[in-house]
Amino acid sequence: MNARLVISASLVLLFSLLLSLHLHNNHNDSSWSNRLRWLSSKSPFSSGITADLLVTNGTIYTSDSSLPFADSMAIRDGRILRIGNYSFVQEMSGYGTRELNLEGKVVVPGFIDSHVHLLFGGLQMARVEVRGVKTKKDFIEKVKDAVKNMKEGSWLLGGGWNNDLWGGELPSASWIDEITPHHPVWLSRMDGHMGLANSLALKIAGVTNNMQDPVEATGLMIDSAMKVILSCIPEVSVEERRQALDRASRYALMRGVTTVVDFGRYFPGASLDHSWEDFSDVYKWADLSGRMMIRVCLFFPMPTWSRVLDIVQKTGNKLSQWIFIGGVKAFADGSLGSNSALFHEPYADEPWNIGLQVTDLESLSNMTFHSDKYGLQVAIHAIGDKANDLILNMYKSVESTNGKRDRRFRIEHAQHLRPGSVAKFGEQKIIASVQPDHMLDDADSAVKKIGLERAQKGSYLFQSLLTNNALLAFGSDWPVAEINPLNSIKTAVKRTPPGWNKAWNSDECMKLTDALNAHTISAASACFLDDDIGSLSVGKLADFVVVNARTLDELITQETSLVEATYVGGVQAYP
């Protein structure tokens, strides 16, 4: 007993001496501050505990403001035991401890993609891909090649087309009817808010030239009108969806993504049941059978908010280390590319059109009020400036009725904003869930659609949002855009679209560390997961990415920054 008291007194004396030295010296001496933090984080219970893995000799960016950089970390049972310099971390080495020598390479926290449609992306990988097609001829050839080995009568599905790449002309059923007489076709535009059907698909859906909307006769459908076709497409099998999860997860890991916020196969016009079927048939099945590879935070269609509430009340938001229940999602408008994003002023190329309000505001307000009242996180898609203003005002009204608390309302996309609206994100603590790589697709078309001044002053205002204290969470909207955080970060920092020799509104260029945080710790905070992921901090899950770079700056100066390895819970998941 006396020996223990002597040891305890010695430890107290040692800590007091260190503290005195620290106070005597420059208060900004970060090395002393960090060492004191390490000492204080050590626990008597840690004696005898050894690490499963030591990650050493690297440039580790932690996304933790209390210790932004380290060179080593110790991991046990999937979580971080220590992080700092090698000598401090090496103390956790023991029998069976493995060591990963980074040889000077950069490590960052596992990327969080704040907005994906995971199973839809996985399904799309097995379908006809028309992303990046730049001519009408190539579009037709892609379809022609796809039908060669298909069974007669089966649906040809796919998408990713962007008419702006071939000059803006919208595709028509007449382009593909001759080569698809025995196959109904549905090809969605890259943004998911417009699609092209061939004449056989239109016939199956009962669409005729006598219908009120003349656009439908061309095979083109926008937002909720798409349900005419979508309701006729045979549902994909459970096995196909499970394979899609496997494909999508492997693809995400290849890009360094360890967690996604998944908004499911829920688009305007799509069935509300898809998200729930995927939850039970795919995600819960994969979790129970040990097949989950990445962590998923699931959002469900807002009209089904009461079902989400039932789950959360029974099990809590955390179903396992792999599956988290995020909340509910709704749509305020469409997309810029399909001229259905909702603006205060008309489109420059369609002076009669200001876009679409996809959901009735009274209905949207009512669902948001009830979802929020019972503690569910709310995320709403808003792209045009008017759509964003409607949602900002609605959120403020709901908060005033339901009272203040840490609710973390989200606006998905927040692409086009009026100057006065930017400050509201920070004032109201609204999360801007944005997708930098959409900027690459929009750069040339935005000027045509909304005019130079509106495009320049009000589009993709990342730095302005940060300056006004908004929380930025980066995502891809995959499969609308590629799932590629390193490219997304580079886009946010440089803002240089393909073929341009200057930045699109250089005032909005972000600092590299801010962009990294938007794909890590800020993204985790945006979905209430910052206690477990988002930074390489003691106690958090050991999700991290090894990049083929020696300095952070190389992430944006190299032509391509490749992910060398991805670790989930301290276990190598890629390659």
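Note: hydrogens, waters and symmetry copies are ignored here, and every other heavy atom, side chains too, is used.
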Checklist entry - Could you walk me through whether Arg405 and Asp372 pass the salt bridge (charged side-chain N to carboxylate O under 4.0 Å, His left out) check? => result CA-CA 10 Å; Arg405 72 162 195 279; Asp372 177 71; 3.0 Å; yes

Checklist entry - After noting the C-alpha distance and the side-chain angles of Thr491 and Leu440, does the key distance pass the side chain to side chain contact (heavy atoms under 4.5 Å, CB included) rule? => result CA-CA 8 Å; Thr491 298; Leu440 304 181; 3.7 Å; yes

Item to check | Criterion salt bridge (charged side-chain N to carboxylate O under 4.0 Å, His left out) on Glu412 and Lys329, from CA distance to verdict | outcome: CA-CA 9 Å; Glu412 304 302 314; Lys329 190 251 181 111; over 6 Å; no

Item to check | Worked check of side chain to side chain contact (heavy atoms under 4.5 Å, CB included) between Leu196 and Val185 | outcome: CA-CA 8 Å; Leu196 174 70; Val185 177; over 6 Å; no

Checklist entry - Could you go step by step and tell me if Ser93 and Gln90 meet the side-chain hydrogen bond (donor to acceptor under 3.5 Å, both in side chains) rule? => result CA-CA 5 Å; Ser93 181; Gln90 199 268 338; 4.5 Å; no

Checklist entry - Between Asp543 and Arg295, is a salt bridge (charged side-chain N to carboxylate O under 4.0 Å, His left out) present by the stated rule, with each step listed? => result CA-CA 10 Å; Asp543 298 351; Arg295 308 186 202 282; 2.8 Å; yes

Item to check | Audit row: Asp477, His117, side chain to side chain contact (heavy atoms under 4.5 Å, CB included) steps and yes/no | outcome: CA-CA 7 Å; Asp477 204 7; His117 306 276; 3.1 Å; yes

Item to check | Step-by-step side chain to side chain contact (heavy atoms under 4.5 Å, CB included) determination, Tyr61 to Leu512 | outcome: CA-CA 11 Å; Tyr61 179 71; Leu512 174 56; over 6 Å; no

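Considering all non-hydrogen atoms of both residues, Ala481 and Asp441 come closest at CB-OD2, 4.4 Å. Shown here for Arg408 and Ser525, the closest heavy-atom pair between the two residues is NH1-O, 2.7 Å. The two residues Tyr395 and Ile411 make their nearest non-hydrogen contact at CE1-CG1, 3.8 Å. Considering every non-hydrogen atom in both Ala573 and Val568, the closest pair reads CB-CG2, 3.9 Å. Summarising the geometry of Gly256 relative to Val563, their closest heavy-atom pair is N-CG2, 3.9 Å, with the distance given to 0.1 Å. Nearest approach of Leu541 to Ile80, heavy atoms of both residues: O-CD1, 4.4 Å.
Distance alone, capped at 3.5 Å, is enough to place a donor-acceptor pair between the Asp333 side chain and the Ile383 backbone. Under the 3.5 Å distance criterion, the side-chain polar atoms of Asp262 are matched with a main-chain donor or acceptor of Leu118. Side-chain N or O atoms of Arg241 include none that pairs as donor or acceptor with a backbone N or O of Leu119 at under 3.5 Å. At distances below 3.5 Å, at least one donor-acceptor pair connects side-chain atoms of Ser320 with backbone N or O atoms of Ile323. Without hydrogens or angle criteria, Arg82 side chain to Ala74 main chain gives no donor-acceptor distance under 3.5 Å. A donor-acceptor pair under 3.5 Å is formed between the side chain of Thr359 and the backbone N or O of Phe331. A donor-acceptor distance shorter than 3.5 angstrom exists from the side chain of Gln428 to the backbone of Leu392, with no hydrogens or angles considered. Judged by distance alone, the side chain of Asn548 and the main-chain N or O of Leu562 form a donor-acceptor pair under 3.5 Å. The backbone N or O of Ser63 sits nowhere less than 3.5 Å from a side-chain atom of Asn517 that would complete a donor-acceptor pair. A donor-acceptor pair under 3.5 Å is formed between the side chain of Arg79 and the backbone N or O of Gly539.
Geometrically, Lys373 does not engage Phe369 in a cation-pi contact defined by less than 6.0 Å to the ring centre and at most 45° from the axis. By the 6.0 Å and 45° rule, Arg255 does not stack over the aromatic ring of Phe111.
For the atom pair CD1 (Ile521) and OG (Ser65), the distance works out to 8.5 Å, reported to the nearest 0.5 Å. Atom CD1 of Ile60 sits about 6.0 Å away from atom CG of Leu102, to the nearest 0.5 Å. Rounded to the nearest 0.5 Å, atoms CZ (Arg407) and OG (Ser371) are 12.0 Å apart. Note that CG of Leu187 and CH2 of Trp161 are 8.5 Å apart. Values are rounded to the nearest 0.5 Å. Rounding to the nearest 0.5 Å places OG of Ser271 at 8.5 Å from CZ of Arg265. Rounding to the nearest 0.5 Å places CD of Gln435 at 5.0 Å from NE2 of His413.
Atom NZ of Lys429 is surrounded by 12 or fewer heavy atoms from other residues, nucleotides or ligands within 6.0 Å. The number of heavy-atom neighbours closer than 6.0 Å to CG of Asp406, taken from other residues, nucleotides and ligands shown, is above 12.
The pair Lys318-Asp531 does not count as a salt bridge, with every side-chain nitrogen at least 4.0 angstrom from each carboxylate oxygen. Classification of Arg250 and Asp246 as a salt-bridged pair holds, one side-chain N sitting under 4.0 Å from a carboxylate O.
Taking the side chain as every heavy atom from C-beta outward, Leu245 and Tyr283 approach each other to under 4.5 Å. Put simply, the side chain of Leu319 reaches to within 4.5 Å of the side chain of Phe279, judged on heavy atoms. The shortest side-chain heavy-atom distance between Met73 and Phe544 falls under the 4.5 Å cut-off. At least one side-chain heavy atom of Leu536 sits less than 4.5 Å from a side-chain heavy atom of Pro109. Side-chain contact between Leu472 and Phe462 is present, with heavy atoms from C-beta onward closer than 4.5 Å. Between Asp273 and Glu235 the shortest side-chain heavy-atom distance does not fall below 4.5 Å. Within the 4.5 Å cutoff, the side chain of Phe324 has no heavy atoms near those of the Asn317 side chain. Side-chain atoms of Trp285 and Asp278, non-hydrogen and from C-beta on, never get closer than 4.5 Å to each other.
Here the options are Phe299, Phe300, Tyr374, the test is ring-ring contact (aromatic ring centres under 6.0 Å, His included), and the partner is Trp305; only Tyr374 passes. Each of Val480, Asp442, Asn487 was evaluated against Asp437; a single residue qualifies, Asn487, per the side chain to side chain contact (heavy atoms under 4.5 Å, CB included) test.
Ring pair His519/Phe474 is perpendicular by interplanar angle, where above 60° counts as perpendicular and below 30° as parallel.
Remark: aromatic rings of His274 and Tyr266 are distant, center separation not under 6.0 Å.
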